[in-house]
Amino acid sequence: MKPREVFITAAIVLILLIAGISTFWKPILWSLLFFLPIIMVGIFDMIQKKHTIKNNFPVIGHFRYLLEAFRPEIQQYFVETDIEGTPVNRMFRSLIYSRAKNQNDTTPFGTKSNVYKVGYECMTHSMYPKKQDELDQNPRIMIGGKDCKQPYNSSILNISAMSFGALSQNAVLALNKGAKLGGFAHNTGEGGISPYHLEGRGDLIWQVGTGYFGCRTADGNFCKDTFKKNVLQENVKMIEIKLSQGAKPGHGGILPAAKNTEEIAKIRDVKPFTDVHSPPYHNAFNDAEGLMYFVQQLRELSNGKPVGFKLCVGSKEEFFEVCEAMQKTKTSPDFITIDGGEGGTGAAPVEFSNSLGLPLREGLSFVVDTLKKYSLKNEIKVIASGKVFSSFHMIRLMALGADGINSARGMMMAIGCIQALQCNTNKCPVGVATQNKSLMKGLDVNEKYIRVANYHKNIIHSFVEMLAAAGLTASNEIQRKHILHRTGANKLVSYQELYAETV
Ligand SMILES: Cc1cc2nc3c(=O)[nH]c(=O)nc-3n(C[C@H](O)[C@H](O)[C@H](O)COP(=O)(O)O)c2cc1C
Ligand code: SF4
């Protein structure tokens, strides 16, 4: 018998049975309140043509959709091991949560990682470690080249770009207040400077994307006047021109009319309740020299604040051109942020996320080596972002030449992200990546901002401990030779060999 026939037969038998029993025991009719809706669902399933499973398996077909809906939770709570789970595995999620809550972050009984598996990485320690308390406990870097009049004394770990819009109002507030408490910087993301970025009085890196939100003319071009008005605010410490991000390089965006509320429109300098496009390219320049003149223009308009740009490396030839343009125009950015193909986003097309853009370590080592080749590295600080969740993650990027690190998803976890992977649905269950006011209310700013500062403080503490163990005293002493990578069952290769300067 086919499932449809089983359903029809069972429904008829059940109704006849209830009708029969009801002739001598009336209360049985109440059971119809339970069975009739199920029978109606089954009939509807057989009539509808959209879902084959429901059509072929009336009623029970729904369980497939139910299990599918809970798949991420089932996977996360019951199936995955500590070292599985993507994008962030359970081991690192737990580490972030315990550091954010200032709880015990030690591990018992030894490593859970398979140290003989290809891909395993470690740092070389020294027989003569340094005394940790003799090292600078709050390592910082000065960002600002020869043309910069207001260099920024930056932490080596800051909050990576995430806009108000992708994140909720309370998430932005918690991040910003956390940055203020911990003495580090908060990147606004390309959605402009919202009141929630200003309320906490944390240092800001204002990101200027292709939509020029917060500095645009009515037809979507760059506007000097509004840029000047916003950039001169005291909290704005640096400006980052966004060329691309690793999760969706070369992809523009659209802010749909329905999401373009009065509040968002005011922040972004656009008309409310209209579709607003961010093209994949900048209108203010279209080649390497143009980019340098734009850097120069923004630096002048900001009275000499540090200006940099962010990209995920794609075409290497284009980056060579950028270096040549720096030499020709005698202008260079104060910093360059390198994002990797493994980078995060609120929402991106699958192919763009999976299959475009150089992974961080290749992109970063290439940029650092190229800047050195053109004798530009001393002038420009290089910042890296991409899956940094522990101090070792920071160290291995610094070994490749990064001066500083940005973290987006680590900071989201510090304010309560549970990796439910609903950021693109407006249904984030913990109020981090949603504009739904009732979901956002659950995120208590006063509780969570302290966690952001704790997470930063504890990861930096661990960073300094690792430096001391390796016999180093400062982050700029970390070299490629300090990191080893397993390439085979009996072969560990240093980053020096693995990322040999090829430029
Ligand atoms: C929710 C979300 C929103 C983001 N928004 C932006 C953005 O507005 N501009 C940008 O350059 N990058 C954006 N990113 C990318 C991050 O700034 C960062 O470069 C990337 O996620 C890699 O860092 P991570 O591995 O620490 O998350 C966003 C990432 C996330 C998760
Ligand atoms: S918990 Fe919220 S922010 Fe975190 S992954 Fe899920 S939807 Fe995104």
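One-based numbering, in listed order, for ligands and for the atoms of each. Just so we're clear, the structure is a prediction, and the values are computed from it rather than from any experiment.
- Atom 9 (N) of ligand 1 has as its closest protein heavy atom Gln207 OE1, 2.8 Å.
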From CA spacing to verdict: side-chain contact (heavy atoms from CB on, under 4.5 Å), Leu173, Glu199: CA-CA 7 Å; Leu173 273 171; Glu199 198 180 313; 3.6 Å; yes
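- Heavy atoms of Lys310 found under 4.0 angstrom from ligand 1 belong exclusively to the side chain.
- The closest donor-acceptor contact from the side chain of Thr274 to the backbone of Lys271 lies under 3.5 Å.
- At a heavy-atom cutoff of 4.0 Å, ligand 1 is contacted by the side chain of Lys242 but not by its backbone.
- Scanning the protein heavy atoms around atom 23 (O) of ligand 1, the nearest turns out to be Gly386 N, 3.7 Å.
- Classification of Lys266 and Glu262 as a salt-bridged pair fails, no side-chain N sitting under 4.0 Å from a carboxylate O.
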Throw together a table of side-chain donor-acceptor distances under 3.5 angstrom for residues 182-193, partners on residues two or more places apart or in other chains.
from	atom 1	to	atom 2	distance (Å)
His186	ND1	Asn176	ND2	3.1
Asn187	OD1	Gly189	N	3.0
Asn187	ND2	Glu240	OE1	3.0
Thr188	OG1	Gln207	N	3.0
Glu190	OE2	Lys242	NZ	2.7

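- At least one N or O atom of Ala408, backbone or side chain, sits closer than 3.5 Å to an N or O atom of ligand 1.
- With respect to the salt-bridge test (charged N to carboxylate O, under 4.0 angstrom), the residues Asp334 and Lys381 do not qualify.
- Of all protein heavy atoms, the one closest to atom 13 (C) of ligand 1 is Ala161 O, 3.0 Å.
- A donor atom on one side chain and an acceptor atom on the other are not found under 3.5 Å apart for Glu465 and Ser462.
- A donor-acceptor contact under 3.5 angstrom links the side chains of Asn458 and Asn102, judged on distance only.
- One side chain, Thr434 or Asn426, offers a donor N or O that lies under 3.5 Å from an acceptor on the other.
- Judged purely by atom type and a 3.5 angstrom limit, His393 uses its side chain to pair as donor or acceptor with the backbone of Phe389.
- With 3.5 Å as the limit, one finds no donor-acceptor pair spanning the side chains of Asn230 and Thr226.
- Ligand 1 has no nitrogen or oxygen under 3.5 angstrom from a nitrogen or oxygen of Thr345.
- Listed by number with element, the atoms of ligand 1 under 4.0 angstrom from any heavy atom of Gly189 are 8 (O).
- Looking at ligand 1, you won't find any N or O of Asn406 less than 3.5 Å from one of its N or O atoms.
- When only modelled atom types and interatomic distance are considered, Tyr212 and His282 share a side-chain donor-acceptor pair under 3.5 Å.
- At under 3.5 Å, not a single nitrogen or oxygen of Glu342, backbone or side chain, sits near a nitrogen or oxygen of ligand 1.
- A donor-acceptor contact shorter than 3.5 Å links the side chain of Asn454 to the backbone of Ala100.
- Gly346 N, 3.7 Å is the protein heavy atom nearest to atom 1 (C) of ligand 1.
- Between Ser438 and Asn436, the side chains place a donor N or O and an acceptor N or O closer than 3.5 Å (distance only, hydrogens not considered).
- The shortest N or O to N or O distance between Gly344 and ligand 1 is below 3.5 Å.
- Using a 4.0 Å cut-off between a side-chain N of Lys or Arg and a carboxylate O of Asp or Glu, Arg140 and Asp403 do not qualify as a salt bridge.
- Counting only distances under 2.8 Å, and ignoring water, the protein N, O or S atoms around atom 8 (Fe) of ligand 2 are Cys423 SG.
- Contacts between Arg409 and ligand 1 below 4.0 angstrom, taking non-hydrogen atoms only, involve backbone and side chain alike.
- Salt bridge status for Glu121 with Arg486: absent, with no side-chain N to carboxylate O gap under 4.0 Å.
- With respect to atom 25 (O) of ligand 1, the closest heavy atom belonging to the protein is Lys387 N, 2.6 Å.
- Counting only heavy atoms of the protein, atom 3 (C) of ligand 1 lies nearest to Met162 CG, 3.6 Å.
- Using a 4.0 Å cutoff on heavy atoms, Ser407 counts as a contact of ligand 1.
- For ligand 1 and Met412, the ligand atoms under 4.0 Å from any heavy atom of the residue are 31 (C).
- Looking only at heavy atoms of the protein, atom 18 (C) of ligand 1 is closest to Ser160 OG, 3.4 Å.
- If you check each of Asp339, Thr337, Ile159 against atom 22 (C) of ligand 1, the one with the closest non-hydrogen atom is Asp339.
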